[in-house]
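The next block holds one structure in the form of structure tokens; read it before the comments.
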Amino acid sequence: MEEGEQQVRRQIQTPATMERDGEQAVDEGEAAAPSGSTSRSTKHTSRIAIQKVTEVIAALSDYKRFLVEEIGFEGVLRIPMIQKINLKFSKFLMTKVDVKEHCIILRDGGTPITFYPEDFHKVFGIPCGQRDIHGKDVDITSEAIEFIRNSIGWTEKSDRSLSSLEVFIGKEINELSSRLEKDSFKMAFVVFVMGSLFAPCTKHDHSTIYYWGAIKDAENISLFNWCKYSFNFLLEAVCKLKLETDANITPNHLSGCHLFFQVNPSKSQLDRPNSLK
DNA sequence: ACTAGCCTATTTCACAGCCT
DNA sequence: AGGCTGTGAAATAGGCTAGT
């Protein structure tokens with residue numbers, strides 16, 4: 001195995017070590033970023049705001065954590081504080097992804113490191129339900145969109161900001177709160193983590209509503225396959241990056257939850273549920 | 001008009017190297 | 001050893017533009 005590959009394999013971690021090592025794990029990527037990655041002084045950008053996510057989570061009360069567990073996002077509660085993500089390393093890994101085969105091949109002839117949508121569940125602990133977020137049964141009306149907007153505190157028509165969601169999530173919720181308030185919290189939390197981590201929009205402090213059909217009924221949020229949605233979003237980002245690279249355009253923005261590639265998904269092959277194989 | 005994507009400027013932070 | 005400084009990378013913020 002070449003040294004560069006060994007470095008990358010050292011860098012890539014298991015979900016368990018992600019929680020244990022937290023910040024150090026990703027920071028070490030700087031040293032691990034192989035010489036094969038771009039050495040030009042291109043400034044990379046990403047809308048992943050894992051610091052924001054962990055800050056918001058750290059401020060959640062026990063009852064709010066209980067509500068998060070109810071919608072199946074309990075793994076998000078255990079995401080460690082990561083000060084900085086090595087974007088160069090993320091970019092390097094993204095360029096090594098074989099989208100069709102769902103694997104990372106670090107060098108020609110090297111051992112493929114395969115990954116699957118359900119690895120998002122193992123890494124980040126988000127729901128991997130049976131229902132497809134883009135399925136036929138998740139159509140959403142404009143009235144429902146308006147209802148959700150009002151519920152999560154987007155009262156201004158132009159407001160689709162993650163920062164206002166942050167404020168909304170911080171509002172007091174407890175056992176005595178109404179059902180509507182609790183459901184609104186759940187919806188706001190999902191929109192916040194999707195927009196901040198799993199499916200970040202390319203625009204700063206902005207969220208898309210493509211998946212809102214899956215949150216319109218807070219009770220059913222955990223029944224949807226958020227892993228597949230995040231996975232596909234990430235693969236689209238990889239395709240885009242590869243197209244830009246092939247066209248000799250130096251990509252400077254990384255979409256999708258590229259942090260996923262820095263955490264070892266390959267270990268999950270050992271214990272994938274049979275139903276998902 | 002609105003939304004989403006792209007681009008760039010500024011701020012913040014970490015770290016290496018130098019000096020005392 | 002500890003403090004200071006310069007540099008580079010990441011985070012943040014906002015403007016511009018193209019598409020619908």
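Below, chains carry the letters A, B, ... as their sequence lines are ordered, and counting in each starts from 1.
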Which whole-number value in Å describes the distance from D205(A) CG to dA13(C) P?
7 Å

I48(A) CD1 - dT12(C) C1' separation (whole Å)
15 Å

Whole-Å gap separating C1' (dC16(C)) and NZ (K203(A))
9 Å

Any donor and acceptor pair, going by atom type alone, linking the side chain of W212(A) with main-chain N or O of I148(A) inside 3.5 Å?
no

Does R47(A) place a side-chain N or O at less than 4.0 Å from the phosphate oxygens OP1/OP2 of dT12(C)?
no

Which one, dC16(C), dT12(C), dT3(B), comes nearest to the side chain of A49(A)?
dT12(C)

If we only count heavy atoms from C-beta on, is the L106(A) to L93(A) side-chain gap below 4.5 Å?
yes

G195(A) backbone acceptor or donor facing R47(A) side chain under 3.5 Å
no

Distance in angstrom units between L259(A) CG and dA10(C) C1', rounded
14 Å

Rounded off to whole Å, could you give me the CD-to-P distance for the E146(A) and dC2(B) pair?
13 Å

In whole angstroms, how far is the P atom of dC2(B) from the CD1 atom of I145(A)?
16 Å

Find the distance E55(A):CD to dT12(B):C1' and express it as a whole number of Å.
13 Å

Rounded to the nearest angstrom, tell me the gap between atom CD1 in I50(A) and atom P in dT12(C).
12 Å

Can you say whether the rings of F73(A) and F198(A) are parallel (under 30°), tilted (30 to 60°) or perpendicular (over 60°)?
tilted

